[in-house]
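Note sheet for the following structure.
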Amino acid sequence: QKEVEQNSGPLSVPEGAIASLNCTYSDRGSQSFFWYRQYSGKSPELIMFIYSNGDKEDGRFTAQLNKASQYVSLLIRDSQPSDSATYLCAVYKDGNNRKLIWGLGTSLAVNP
Amino acid sequence: DVKVTQSSRYLVKRTGEKVFLECVQDMDHENMFWYRQDPGLGLRLIYFSYDVKMKEKGDIPEGYSVSREKKERFSLILESASTNQTSMYLCASLLRAAWPANYGYTFGSGTRLTVV
């Protein structure tokens, strides 16, 4: 079992819809959770960080964390073609010297 | 804004050559990381450093070494390049005092290395 799992996709949604990206993790000691966006040929950029159970909203993005069920999700409201990218989930456990454990990413395509 | 600069965007080297990939950050970050990224394999940690002259192996250190003589610079060295080291190489840094706040890792723009 991989430590951080994501559906590889591609996830295809029409413009204006809600895109829902999911990530599960295996280590119950994980404390902090990150979502990065990576455009093709570019480097990852941080879009959301969450460490408390519940929802965290930033503009069109909402991160949801459920530690009991060991999953974290990213919702993108009013999806735009410019949101088409690979979304990487990363997990951190205290004591790991600030090394992140990465998922393989989910490819999202937003169709005009 | 923090800037992480990788010296080359594209690099072509021959098998057996010694290859140096340079990474420089301008915000006094303590931790620096070298990753490679391959389709289907995701981001894999090669080495990281948490202070000058300090280094730790990541998940795939074989065939690589690193150097951190100054805080702002972290170099990845391919001792004898091989074709299976053809990949995208990404450098990242972070400020320990801000961890795990909203800053996460800051990545460089990457070096696409091709070994022929």
Side-chain angles (χ1 to χ4, degrees), chain A residues 2-10 23-25 27 29-52 56-59 61 63 65 67 72 74 85-107, chain B residues 1-6 8-10 21 23 25 29-51 54-61 87-113:
Chain A
K2 288 193 174 66
E3 293 185 77
V4 178
E5 297 213 52
Q6 300 179 253
N7 287 328
S8 60
C23 171
T24 59
Y25 59 94
D27 192 331
S30 301
Q31 297 170 304
S32 307
F33 307 86
F34 299 81
W35 283 100
Y36 283 78
R37 177 177 62 200
Q38 186 174 24
Y39 292 113
S40 181
K42 303 292 186 183
S43 55
E45 55 178 331
L46 180 67
I47 53 171
M48 289 290 285
F49 156 75
I50 188 168
Y51 64 90
S52 297
K56 179 181 178 182
E57 191 174 313
D58 183 2
F61 298 98
L65 176 60
K67 288 187 178 180
V72 55
L74 179 70
T86 296
Y87 289 80
L88 301 171
C89 173
V91 172
Y92 176 72
K93 185 175 76 168
D94 200 24
N96 207 20
N97 212 353
R98 297 162 184 84
K99 289 185 292 182
L100 290 174
I101 307 299
W102 296 85
L104 296 183
T106 298
S107 174
Chain B
D1 274 357
V2 177
K3 200 163 182 188
V4 178
T5 303
Q6 294 185 232
S8 304
R9 187 76 179 96
Y10 298 96
L21 302 181
C23 176
Q25 48 91 7
H29 283 187
E30 297 93 348
N31 286 41
M32 297 186 75
F33 306 82
W34 273 108
Y35 286 91
R36 63 178 284 179
Q37 187 174 34
D38 303 285
L41 297 176
L43 282 165
R44 292 183 290 169
L45 182 64
I46 304 171
Y47 267 97
F48 73 102
S49 169
Y50 49 89
D51 206 344
M54 305 303 288
K55 61 187 178 186
E56 275 195 31
K57 292 179 181 179
D59 302 316
I60 51 163
S87 186
M88 170 68 90
Y89 289 86
L90 290 162
C91 175
S93 73
L94 72 86
L95 180 67
R96 274 212 295 271
W99 184 266
N102 269 341
Y103 305 103
Y105 289 9
T106 301
F107 282 89
S109 55
T111 295
R112 173 77 63 184
L113 173 67

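Chain A is the first sequence line, chain B the second, and so forth, proteins listed ahead of strands; every chain is numbered from 1. Here the structure is a predicted model, which means the values were calculated and not measured.
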Contacting region of A/Gln38 [heavy-atom separation from chain B under 4.5 Å]: side chain
In Å and rounded to the nearest 0.5 Å, what is the [atom1] to [atom2] distance from [X] to [Y]?
| X | Y | atom1 | atom2 | value |
| --- | --- | --- | --- | --- |
| B/Tyr50 | A/Lys99 | OH | NZ | 10.5 Å |
| B/Leu94 | A/Leu46 | CG | CG | 11.5 Å |
| A/Tyr36 | B/Leu43 | OH | CG | 10.0 Å |
| B/Gln37 | A/Thr86 | CD | OG1 | 8.5 Å |

For the residue pair A/Ser43 and B/Ser109, what are the closest heavy atoms and their distance? OG-CA, 3.9 Å
The criterion is side-chain contact (heavy atoms from CB on, under 4.5 Å); which residues satisfy it with A/Leu104, sequence neighbours excluded? A/Lys2
Assess the residue pair B/Tyr105 and A/Phe34 against the criterion (side chain to side chain contact (heavy atoms under 4.5 Å, CB included)); give the C-alpha distance rounded to whole Å, side-chain angles, the decisive distance to 0.1 Å, and a yes or no. CA-CA 10 Å; B/Tyr105 289 9; A/Phe34 299 81; over 6 Å; no
Taking CD in A/Glu57 as the centre, count heavy atoms belonging to other residues, nucleotides or ligands within less than 6.0 Å. Is the count above 12? yes
List in chain and number order the residues that pass side-chain hydrogen bond (donor to acceptor under 3.5 Å, both in side chains) with B/Thr111, two or more places apart in sequence or in another chain; answer none if no residue qualifies. B/Gln6
Under 4.5 Å, counting heavy-atom pairs only, tell me which of A/Gly105, A/Gly41, A/Pro44 racks up the most with chain B. A/Pro44
